[in-house]
Colleague: 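Let me begin by handing over the structure; questions about it come next.
On a predicted model such as this, the values are computed, not experimentally measured, just so you know. The sequence lines fix the lettering, A, B, ..., with proteins before strands; numbering per chain opens at 1. The figures here come from the full heavy-atom set of this structure, side chains too, leaving out hydrogens, waters and symmetry mates.
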Amino acid sequence: MKKKIGKYTAWIAGGLALVSALLMLRAPGQVRGLDVDGFVRLPVLEGGRLKPLDSTARNALLLIRGQQSFRHQDRTVGSGEWILDVLFRPQVADLQPIFVIDNPDVLGVMKMERTKDRYYSFRQIIPFINEIQREANAAQAIEAKLRTPYQSAVANLFERLYLYHRLKNTIQLENQQGLAAEIAGATAPGAAQRQATLADLAYFRPIPPLPGQKAEAWSNTGEALRALAMGAVNPGLDPMARIAWAYSVQDAPAFNKAVKDLQIATFGAWPEAQTHVDHETTFNRAQPFYVGMAIYVLALLMVFGSWAWKPEILRPAAFGLLCAGAIVQTAGLVSRIVLQGRPPVTNLYSSAVFVGWGAVLLGIVLERMYRNGFGTAVASASGFASLLVAHHLSGDGDTMEMMRAVLDSNFWLATHVTTITIGYSGMFLAAAIAIAWTLRKHFARVSPEISKSLLGMVYGIIAFSLFFSFVGTVLGGIWADQSWGRFWGWDPKENGALLIVLWCAIILHARWGGFARERGIMTMAIFGGVITSLSWFGVNMLGVGLHSYGFMDKAFWALSGFVGSQLLLMALAMAPRQFWKGKAARAAGDEAHPTKA
Amino acid sequence: MLTVKNPVLKVLTSLQLTIVCLVALMILVTAATLAQVGMGTAGAVNAYMRSYLVWWDVPNSQWMIPVFPGGATVGLVLMVNLIAAQLVRLEATWSKAGLWVVHLGLILFVGGEFVSGMFQVESQMAIENGQTVNFVEGRDPELVLIDVTDPAWDEVYAIRAGPLAREGSVAVPGTPVTLKIHQYAQNAQLRNRTPFDPPARATAGVGTSVTMIPVPPVTADNAVDQGAALVEPIAGGRSYGTWLVSQGLGAPQSFTHEGRTYQLAMRHRRQYLPYSVTLKKFSHDKYAGTDIPKNFSSLVHLVNPRTGENRDVLISMNQPMRYDGKAFYQASFGKGDTLSILQVVENPGWLIPYISCVLVSLGLIVHFTVSLRKSSRKREAARLAQAAQEA
């Protein structure tokens, strides 16, 4: 009977989580009767790939403000409405508080004090643009790694201001006659100059190629106007001009009609673009990794609850939630693979998503094997943590950026990168189990059976990670041999992978030789997580070697904090037995349980 | 399992030694990685991995103290330990078959790296659009004496860095010329002489108006040393003056002895090939509307008069041309996309890592499958026992 109730709660909890994930897909309502959704579903070429304007708008706002929407005048402004204002009503957009400025010295340049509100509008910043530009130019002359926080912040602010400036001048020039007038006077005197400026500044290319042109020959309005002056009429120009005019006067019916016309002109000629942008818009809206993160937190809380109250109901419910989270995350991963046409891991961001996914799946398998709630706990914790890391890595804009030539090999991305990343998943999961073991030992009783099964889990996962790390490392060597003619170049990232392999080998040999028992193995497993994090992110901070494309400086403190906390946990794990909770733990002291492979 | 009595053998086959070696290796790898920031990859690897001892340069003194075993020592000890343990301790049973294969693969792997370290030769081939090249160039310098008397045929005599560094007299075989090396610098800067410089040591050629300043060898991975030397050719008992030669000097300098004209030059060490490569087109594609490189490739034409081969080959990223024991990789480019630089690698052991990787992977799969089955059988038995107890 109890078992049955557990089964039902698992299905109900999982089902509810999935239903709420699906609710994210609802189409947003219209803004003041304007079909904003129809407009952001239009395809544009930006960053070397075709995407819905929705993605460009979200990423631009993320770059500038750090969020994909914001509150202004007591209502939430979404990225779609914001991009429309920027493009066609710059005088409105200029008043919106979208520039986040944290650095007090940068505020000092603007003669402002730091207040509670960290967001400033373009209008507030513009009086100081000359000072900012001068300071930014001075900062940009210095290598990124060597800049002070102030120099980085001022250079970054200037880049964001320039991005905003480019966005405003993408469809039509700010404070000039609109696009309709440009079309009418494409050959008028002075028009060529304006077309050149527009073609130069445009941030994205919304005008589809003409029939007979190559599929990637999308143009910006400046280029399309120039072509028009030469006699090539692009059917996308006229509806775009009507969109610009209708939005600037907030004429909803005319705007909606023009959007429809531009959709027909675009998708009629390029039907395959429609499937792609519809898929990507849906993906953007679903935010599967964000939703997954929320579900994992719930699952984790539920496991904690189960240790105190009604385990027969809460533990299966937590497992149901974990599975729901895994399904949502898998859907997100598959979506990305389809959209990019690439294997799952292409940059640091996607590696974080994939590491979490691997750890969650492993945790589900462990939970099915041992059924004691630990699998669920560590899986949901790892899933949550990795998605949180991914979330913080996504602030650099498009997470589906194009691959540089040297990395442009789906075969090696699918084999080397994926295997290595699965190895990372295993290392983190083993560390998570060891941490769970340590904390439980200190704060609650742990029966010898559970302790033993946790040790079994850690051993199994370390063996699993050794295999994937080794194979992944060697595959990387083979890739290097294929592209550069050297199997092993002592590149920092390669060395990091080698360290993981060596550490796994040490753990396994220490166990086989009986030099490390329960406590020792658990401590070593936690250190395995430290080594993996250093090899994953730390080597990027050295800024040398072929893998430094993932260079980042902000994460330094986060990484140091993580390493510090892990060292503390290792000390806790190594603490003598009199510090542990409960007699059961004492009875199950590690000397009593010599283990053997 | 055999019992080992001999104490030396006991240590050599012990698992403790394995772990000590693995930990030492981790420390070395970490140190070599961190040191790359200051020493460059090659410098760090030579100091920590490709050495028998790691030396500490005591500050403000001439002393060097060995502080840690180097990668070569640790690797050797690990190999001995692995082989000895394999033969003495590990049982030859089916349940240990996976481990046997893993260890065999590892021995092969390290052996392969040894072969690479000993025999791998890396060089470069730089070709401009339309140019035909029949040699590859290494990083080291060489001093060449070229007899250019016959317009159809150059006779090249090369002296490598080793004899140059000894700074003595070198008789060039096959010619009446003896080269007296007055000074040699592995890396040197050249600049136009100013009135404040000490008197020039070169007495002939462009060197009379150039000052040579020896500087420490480069450490950065993408930088190359610019060697320089002061050379005095002596032939038939007569000196032809002291010449400054360097990779930093453009035009070759020449002198004439008994009707034969000789050129003197310092250049990157060349290896001539029995075939030639012509660059037909170098392509550098970018993603639409961005500067992100999408692909680099060189379309080359290969002509080998010996075998009668005469064909086009496309070399691109991740797709090298393997020919005559050498592999040509697309490495770099320059001069506004008209110059293609190919990395040329000759490594007789290039296949070994592939084989050992397969061995180790298979071995690990076998071993972990065996242990997983064992442990799940144990768990199942425990569960049954518990169920029986509850019933």
Side-chain angles (χ1 to χ4, degrees), chain A residues 45-49 204-205 216-218 220 369-370 401-406 408-409 411-412 449 453 456 460 463-464 466-467 470-471 474-475 477-479 481-492 495-496 498-499 502-503 505-506 509-510 512-513 515 531 539 542-545 597, chain B residues 14-16 18-19 22-23 25-26 29-30 32-34 36-37 40-41 44-45 49 109 112-113 116 120 122 221 285-290 292-296 316-320 327-331 343-345 347 350 353-354 356-357 360-361 364-365 367-368 371-372 375-376 379 382:
Chain A
L45 188 88
E46 184 239 310
R49 73 182 184 93
F204 56 83
R205 297 155 182 254
E216 72 246 29
W218 289 64
N220 54 45
M369 282 166 72
Y370 292 88
E401 75 229 321
M402 304 312 286
M403 304 298 294
R404 292 184 171 274
V406 64
D408 185 10
S409 157
F411 174 73
W412 292 113
E449 292 79 43
S453 69
F464 172 91
L466 172 67
F467 175 73
F470 176 80
V471 172
V474 177
L475 283 172
I478 292 176
W479 184 5
D481 186 49
Q482 293 286 330
S483 11
W484 299 296
R486 79 220 187 351
F487 184 82
W488 191 260
W490 301 101
D491 179 274
N495 292 352
L498 177 63
L499 287 179
L502 287 174
W503 187 242
I506 290 173
H509 284 94
W512 291 330
F515 312 127
I531 293 180
V539 291
L542 291 176
V544 281
Chain B
S14 72
L15 215 46
Q16 281 99 323
T18 315
I19 291 175
L22 289 176
V23 171
L25 213 49
M26 281 186 76
V29 171
T30 311
T33 310
L34 295 177
Q36 286 186 18
V37 178
T41 306
V45 169
M49 305 311 302
F109 188 77
E113 282 307 281
S116 292
Q120 175 162 307
E122 288 188 21
D221 298 327
D285 308 329
K286 294 172 184 168
Y287 288 104
T290 69
I292 306 173
K294 187 178 184 180
N295 189 33
F296 306 108
S316 63
M317 302 300 294
N318 299 325
Q319 197 194 324
F328 295 75
Y329 302 87
Q330 184 66 54
Q343 172 90 348
V344 185
V345 180
N347 180 6
W350 72 279
Y354 291 67
S356 59
C357 162
V360 175
S361 310
L364 285 175
I365 290 178
H367 181 69
F368 290 140
S371 354
L372 194 67
S375 90
S376 61
R379 251 200 334 276

Colleague: Which atoms of B/Gln16 are under 4.5 Å from chain A, going by heavy atoms: the side chain, the backbone, both sets, or neither?
Modeller: both
Colleague: Please report the shortest heavy-atom distance between A/Ile506 and B/Met26, naming the atom on each side.
Modeller: CD1-SD, 3.6 Å
Colleague: What's the shortest heavy-atom distance between A/Ala505 and B/Leu22, and which atoms?
Modeller: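 Nearest pair, atom of A/Ala505 first, then B/Leu22: CB-CD1, 4.0 Å.
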Colleague: What residue, out of A/Ala510, A/Gly48, A/Gly460, has the most heavy-atom pairs lying under 4.5 Å from chain B?
Modeller: A/Gly48
Colleague: How close do B/His367 and A/Trp512 get, counting heavy atoms only, and between which atoms?
Modeller: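 It is NE2-CZ2, 3.9 Å.
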Colleague: So, for B/Leu15 and A/His509, which heavy atoms are closest and what is the spacing to 0.1 Å?
Modeller: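 Distance-wise, the nearest heavy atoms are CD2-O, 3.6 Å.
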Colleague: Given that the side chain runs from C-beta out, which part of A/Trp218 has a heavy atom under 4.5 Å from chain B: side chain, backbone, both or neither?
Modeller: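 Neither part.
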Colleague: Can you tell which part of B/Val45 gets under 4.5 Å to a heavy atom of chain A, answering side chain, backbone, both or neither?
Modeller: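 For B/Val45, side-chain heavy atoms alone lie under 4.5 Å from chain A.
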Colleague: What option among B/Asp285, B/Ile365, B/Asn347, B/Thr18 has the most heavy-atom pairs under 4.5 Å with chain A?
Modeller: B/Ile365
Colleague: Just give me the residue among B/Trp350, B/Phe368, B/Tyr329 that pairs up with chain A most often, heavy atom to heavy atom, under 4.5 Å.
Modeller: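 Ranked by contacts with chain A, first place is B/Tyr329.
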Colleague: Please look at A/Ile478 and chain B and tell me whether the side chain, the backbone, both or neither of the residue comes under 4.5 angstrom of a heavy atom of that chain.
Modeller: both
Colleague: Relative to chain B, which of A/Ala463, A/Ser453, A/Gly496, A/Gly513 shows the most heavy atom pairs under 4.5 Å?
Modeller: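 Between A/Ala463, A/Ser453, A/Gly496, A/Gly513, the count favours A/Ala463.
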Colleague: Given heavy-atom pairs under 4.5 angstrom as the criterion, report whether the side chain, backbone, both or neither of A/Leu499 touches chain B.
Modeller: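 Both parts, heavy atoms under 4.5 Å.
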Colleague: Quick one: of B/Gln319, B/Met49, B/Gln120, who has the most non-hydrogen atom pairs under 4.5 Å with chain A?
Modeller: B/Met49
Colleague: Could you check which of B/Val29, B/Val344, B/Thr30 has the highest count of heavy-atom pairs closer than 4.5 Å to chain A?
Modeller: B/Val29
Colleague: Out of curiosity, B/Tyr354 OH to A/Asp481 CG, how far, rounded to the nearest 0.5 Å?
Modeller: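 Here the interatomic distance stands at 4.0 Å.
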Colleague: Looking at every heavy atom in both A/Val474 and B/Pro353, which two are closest together, and how far apart are they?
Modeller: CG1-O, 4.5 Å
Colleague: Side chain from CB out, backbone as N, CA, C, O: work out which of these in A/Tyr370 comes under 4.5 Å of a heavy atom of chain B, or both, or neither.
Modeller: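 The side chain, not the backbone.
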Colleague: Measure distances from A/Phe467 to the heavy atoms of chain B and classify the residue's part below 4.5 Å as side chain, backbone, both or neither.
Modeller: both
Colleague: Please classify the contact between B/Phe328 and chain A as side chain, backbone, both or neither, with a heavy-atom cut-off of under 4.5 Å.
Modeller: neither
Colleague: Please classify the contact of B/Val23 with chain A as side chain, backbone, both or neither, using a heavy-atom distance under 4.5 Å.
Modeller: both
Colleague: Flag the one option from B/Ser356, B/Gly112, B/Ala44, B/Ser361 with the top tally of heavy-atom pairs under 4.5 Å to chain A.
Modeller: B/Ser361
Colleague: Taking side chain as everything from C-beta outward and backbone as N, CA, C, O, which of these in A/Leu475 sits under 4.5 Å from a heavy atom of chain B? Side chain, backbone, both or neither.
Modeller: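 Interface part for A/Leu475: neither.
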